[in-house]
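Taking it in order: structure first as structure tokens, then the write-up.
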Amino acid sequence: MILVYFILLVFLQLSSNSAANENFENYVGCDMPKSDVDLVEFPLNLEYLEAEFFLWGSLGFGLDKFAPELADSGPPPIGAQIAKLSPLIRDVITQFGFQEVGHLRAIKDTITGFPRLLLNLSRESFVTVMDDAFGHPLKPPFDAYANDINYLLASYVIPYVGLTGYVGANPKLQSSTAKRLVAGLLGVESGQDAVLTELHYERGRGKVEPYGITVAELTNRISKLRNKLGRHGIKDKGLNVNRK
């Protein structure tokens with residue numbers, strides 16, 4: 001559910017279901033049944049988003065310069081920009097971007113996939129998520145690109161969406177090819193989420209300015225939003241986990 005929610009927030013348009021309805025003859029020679037192809041193809045939306053967000057945030061450019069063949073002539077993202085990051089955080093996010101390029105290659109080497117869709121990576125798209133986490137509009141609006149803490153908080157939403165999507169898809173996969181691919185992707189998304197959690201933990205008592213709330217409090221609010229969207233059980237905990 002959270003995967004669908006976030007994709008609906010950041011995608012301005014989808015390609016008239018062309019990927020879903022594509023002739024299955026394109027997958028001749030692949031041992032994956034059509035149901036596996038669909039389950040692997042859907043997260044390609046998120047992998048495009050992650051690659052563009054991390055590359056633009058750290059380097060100031062995206063797939064069109066770094067790996068144009070993976071964008072496959074899809075439209076460039078709207079509102080993407082370089083973030084004001086310290087050298088350490090910039091390097092971490094750059095590594096994340098490189099990993100996401102690898103994810104795109106791994107998926108598109110396995111299935112045909114589809115060109116990059118139109119992404120909205122503007123500050124306004126992240127405002128919607130953070131306002132939902134707070135339960136009311138923030139004033140001034142949240143700026144994901146303003147500094148280390150804001151960018152890390154915006155990033156905190158993204159790998160988690162990927163890993164929960166892969167966890168949800170995994171039991172439904174039938175072929176060994178799809179299972180091997182998803183297991184590899186899931187491991188890296190989980191690692192990214194762990195790194196982001198550690199970076200937040202180090203800054204947990206610091207304030208998110210100018211809102212007068214700590215990093216730990218805001219990550220807990222994001223986790224509550226994740227659980228609300230996940231609907232069934234506790235999907236996530238923030239930085240502070242109480243004993244019971």
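The first residue of the sequence shown is numbered 1, and numbering continues consecutively from there. Just so you know, these numbers come straight off a predicted model, no measurement behind them.
Judged by distance alone, the side chain of R90 and the main-chain N or O of A83 form a donor-acceptor pair under 3.5 Å. Using a distance-only test at 3.5 Å, with no hydrogens or angles considered, a donor-acceptor pair links the side chain of R203 to the main chain of L199.
The stretch residues 60-84 participates, sequence neighbours left out, in these side chain to side chain donor-acceptor pair (under 3.5 Å) pairs: D64-R116. Listed by first and then second residue, the side chain to side chain donor-acceptor pair (under 3.5 Å) pairs involving residues 180-190 are H103-E189 (not counting sequence neighbours). Screening residues 165-215 for ring pair (Phe, Tyr, Trp, His ring centres under 6.0 Å) gives Y156-H200 as the qualifying pairs, with residues at least two apart or on separate chains.
Scanning for side-chain hydrogen bond (donor to acceptor under 3.5 Å, both in side chains) contacts around S86 gives D148, with sequence neighbours left out. Taking the side-chain hydrogen bond (donor to acceptor under 3.5 Å, both in side chains) definition, one finds that T197 meets it with nothing, sequence neighbours left out. By the side-chain hydrogen bond (donor to acceptor under 3.5 Å, both in side chains) test, E198 pairs with no residue at all, sequence neighbours left out.
The two residues A67 and V101 make their nearest non-hydrogen contact at CB-CG1, 4.4 Å. P76 and L118 get closest at one heavy-atom pair: O-CD1, 3.5 Å. N45 and F42 get closest at one heavy-atom pair: ND2-O, 2.8 Å. Between S58 and L85, the closest heavy-atom pair is CA-CD1, 4.5 Å. Annotation for Q174 and S35: closest pair NE2-OG, 3.0 Å, computed over non-hydrogen atoms. Nearest heavy atom pair, residue L44 against residue G113, reads CD2-CA, 3.8 Å.
Residues V167 and L39 fall within the same hydrophobic cluster, defined by Ile, Leu, Val, Met, Phe, Trp and Tyr side chains chained together at heavy-atom separations under 4.5 Å. V188 and L46 fall into different hydrophobic clusters, defined by Ile, Leu, Val, Met, Phe, Trp and Tyr side-chain heavy atoms under 4.5 Å apart, directly or through other members. In the hydrophobic clustering of this structure, W56 does not group with F54; members are Ile, Leu, Val, Met, Phe, Trp, Tyr whose side-chain heavy atoms approach within less than 4.5 Å, directly or through other members. Cluster membership for V127 and I222, using ILVMFWY side-chain heavy atoms within less than 4.5 angstrom, is not shared. Linking Ile, Leu, Val, Met, Phe, Trp and Tyr residues whenever their side-chain heavy atoms come within less than 4.5 Å places I107 and L173 in a single cluster.
T110 is not listed as a side-chain neighbour of V40, based on a closest heavy-atom distance of 4.5 Å or more.
By the 30° and 60° cut-offs, the orientation of the rings of Y48 relative to F114 is tilted. Using cut-offs of 30° and 60° for the angle between ring planes, the Y145 and F126 rings count as perpendicular.
Within a 6.0 Å sphere centred on CZ of R123, other residues, nucleotides and ligands contribute 12 heavy atoms or fewer.
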